[in-house]
Protein chains: 2
Amino acid sequence: MKIYEESTAPNARRVRMFLAEKGVSGLEYVHVGLKSGDNISSDFRKKNPLAKIPVLELDNNECISESMAICRYFEALNPENPLMGVSPFEQANIEMWQRRCEISFMNIVGMGFQHSTGYFSDRMNPIKEWGEECLKQAKVFMAFLNDHLKDHQYIAGEAFSVADITAFIAIEFARVVKVRIEDDHIHLLRWYQNIKSRPSAKA
Amino acid sequence: MKIYEESTAPNARRVRMFLAEKGVSGLEYVHVGLKSGDNISSDFRKKNPLAKIPVLELDNNECISESMAICRYFEALNPENPLMGVSPFEQANIEMWQRRCEISFMNIVGMGFQHSTGYFSDRMNPIKEWGEECLKQAKVFMAFLNDHLKDHQYIAGEAFSVADITAFIAIEFARVVKVRIEDDHIHLLRWYQNIKSRPSAKA
């Protein structure tokens with residue numbers, strides 16, 4: 001199996017961290033340059049018509065894109081050490097938190113980056129005002145996470161899960177646009193240092 | 001169990017349609033007015049601090065928000081008639097398509113609505129240029145779906161799935177901002193009429 005990605009891109013990092021936590025190894029990584037536009041080539045669009053990375057290519061050449069779909073594939077293939085929950089309630093609670101951290105935070109940071117910096121202005125229409133609004137919203141979400149973590153060791157409760165991966169990668173990504181954990185967000189800082197100390201954080 | 005929602009809101013409709021397809025009934029529905037701001041009240045924020053609907057409240061008072069997390073709860077509780085796949089590949093492929101239809105289409109239509117109409121300008125900062133950009137992107141995605149459906153009966157292949165629900169509800173929602181299926185998108189029209197004929201489409 002192969003993964004097409006750029007190793008420093010946030011969604012690529014989510015999948016790498018997930019696989020490291022699951023103990024899955026032996027995948028071949030193929031570099032796809034985003035700034036150089038490898039991902040918008042017609043060859044790459046055969047693997048993912050939406051031109052996003054990462055893409056998992058199976059040995060039968062079927063392709064799966066979307067980070068969380070790739071993670072779910074490996075979760076279903078290797079149910080031990082679950083990161084997406086086991087009981088119906090655990091599965092739903094982790095999915096709720098993963099989605100909150102993704103939709104209201106990671107994707108917002110991503111749009112904040114793209115629209116405020118114009119990094120991909122060769123292929124999209126950056127709207128500075130929207131980018132700045134996103135960065136404001138990202139800070140509001142970090143305050144919300146800090147409050148939540150006052151009473152919880154991990155994002156989705158008392159066990160590490162894929163929701164922690166999404167939140168951690170989003171916080172690291174936010175530094176690119178100078179959105180950082182505030183000094184008085186002590187619960188978020190405690191959680192961040194804890195996640196950062198896991199070997200998977202360097203995957 | 002109770003579901004807090006506004007029955008015409010797109011995410012509420014996704015959950016209603018999913019439950020109808022699964023044959024789950026007997027839930028109590030509690031109306032939460034969005035325009036009137038019931039969802040941003042302090043009482044409702046105890047159920048979902050992000051103030052979004054729908055919210056599923058279990059009999060033990062635990063709350064699950066995020067439509068796809070609610071759907072996953074019922075999928076795990078009632079595995080018969082699967083809408084999220086069974087094999088690892090099916091699960092991943094359906095999740096990929098559900099996410100494509102949600103992130104690149106339904107959420108884009110939602111932002112297009114909020115930012116171009118200013119419907120929630122009492123509680124957010126609408127940016128007209130971003131709203132208009134979103135409506136353009138929604139049209140591009142509908143053309144992509146039309147191409148995809150040329151060779152597939154349903155969004156994620158040959159079986160109806162939660163990805164069809166997301167795409168169908170997004171298309172119906174898009175009509176509010178006058179984004180409609182083009183007459184020459186014959187594959188998308190065929191698929192839309194097929195989904196619309198299911199009893200669950202009226203749930």
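Labels below follow one simple rule: chain letters A, B, ... track the order of the sequence lines, proteins then strands, and each chain is numbered from 1.
- Both tests do not hold together for B:Arg100 against B:Phe105: distance to the six-membered ring centre under 6.0 Å, angle to the ring axis within 45°.
- Contact annotation for A:Gln137: neither backbone nor side-chain heavy atoms come within less than 4.5 Å of a heavy atom of chain B.
- By number of non-hydrogen pairs under 4.5 angstrom with chain A, the leading residue of B:Glu95, B:Glu129, B:Met124 is B:Glu95.
- Both the backbone and the side chain of A:Ile64 come within less than 4.5 Å of a heavy atom of chain B.
- Per-residue heavy-atom pair counts under 4.5 Å with chain B were compared for A:Ser87, A:Ala69, A:Ala76, A:Gly85, and the maximum is reached by A:Ala69.
- Among B:Asn48, B:Asn107, B:Leu56, B:Leu58, the residue making the largest number of heavy-atom pairs under 4.5 Å with chain A is B:Asn48.
- Considering only heavy atoms from C-beta on, A:Met68 comes within 4.5 Å of A:Val162 through its side chain.
- Of the atoms belonging to B:Cys71, not a single heavy atom falls under 4.5 Å from chain A.
- Of the atoms belonging to B:Ile103, it is side-chain heavy atoms, and not backbone ones, that fall under 4.5 Å from chain A.
- With a 4.5 angstrom heavy-atom cutoff, B:Lys136 does not touch chain A via any of its atoms.
- Both tests pass for B:Lys35 against the ring of B:Tyr119: distance under 6.0 Å to the centre and angle within 45° of the axis.
- If you look at B:His148 and B:Trp97, their ring centroids are closer than 6.0 Å.
- Heavy atoms of B:Leu77 lying under 4.5 Å from chain A belong to its backbone as well as its side chain.
- In this model, no donor atom of one side chain and acceptor atom of the other lie less than 3.5 Å apart for B:Gln153 and B:Arg190.
- Proximity to chain A (any heavy atom under 4.5 Å) is restricted, for B:Glu133, to the side chain, taken from C-beta onward.
- Atom CZ of residue B:Phe113 and atom CD1 of residue B:Ile108 lie 15.5 Å apart, to the nearest 0.5 angstrom.
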**Prompt:** Which is it for A:Phe89 and B:Tyr73 under the ring-ring contact (aromatic ring centres under 6.0 Å, His included) test, yes or no, and what are the steps along the way?
**Reply:** CA-CA 6 Å; A:Phe89 178 76; B:Tyr73 180 74; 7.1 Å; no
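- Within the 4.5 angstrom heavy-atom criterion, no atom of B:Glu75 approaches chain A.
- Contacts between B:Ser104 and chain A at a heavy-atom distance below 4.5 Å involve the side chain alone, from C-beta outward.
- Within the 4.5 angstrom heavy-atom criterion, only side-chain atoms of B:Glu102, from C-beta onward, approach chain A.
- For A:Arg16 and A:Tyr29, the positive end sits near the middle of the six-membered ring, less than 6.0 Å away and at most 45° from its axis.
- A salt bridge is defined here as a Lys NZ or Arg NE, NH1 or NH2 lying under 4.0 Å from an Asp or Glu carboxylate O, and A:Glu182 with A:Lys139 fails to meet this definition.
- For chain A, the nearby part of B:Met111 is the side chain; its heavy atoms alone come within less than 4.5 Å.
- Heavy-atom pairs under 4.5 Å with chain A peak, among B:Met96, B:Glu62, B:Lys52, B:Arg72, at B:Arg72.
- Between A:Arg13 and A:Glu5 no salt bridge is recorded (no basic side-chain N to carboxylate O distance below 4.0 Å).
- Heavy atoms closer than 4.5 Å to chain A are found in the side chain of B:Phe141, but not in its backbone.
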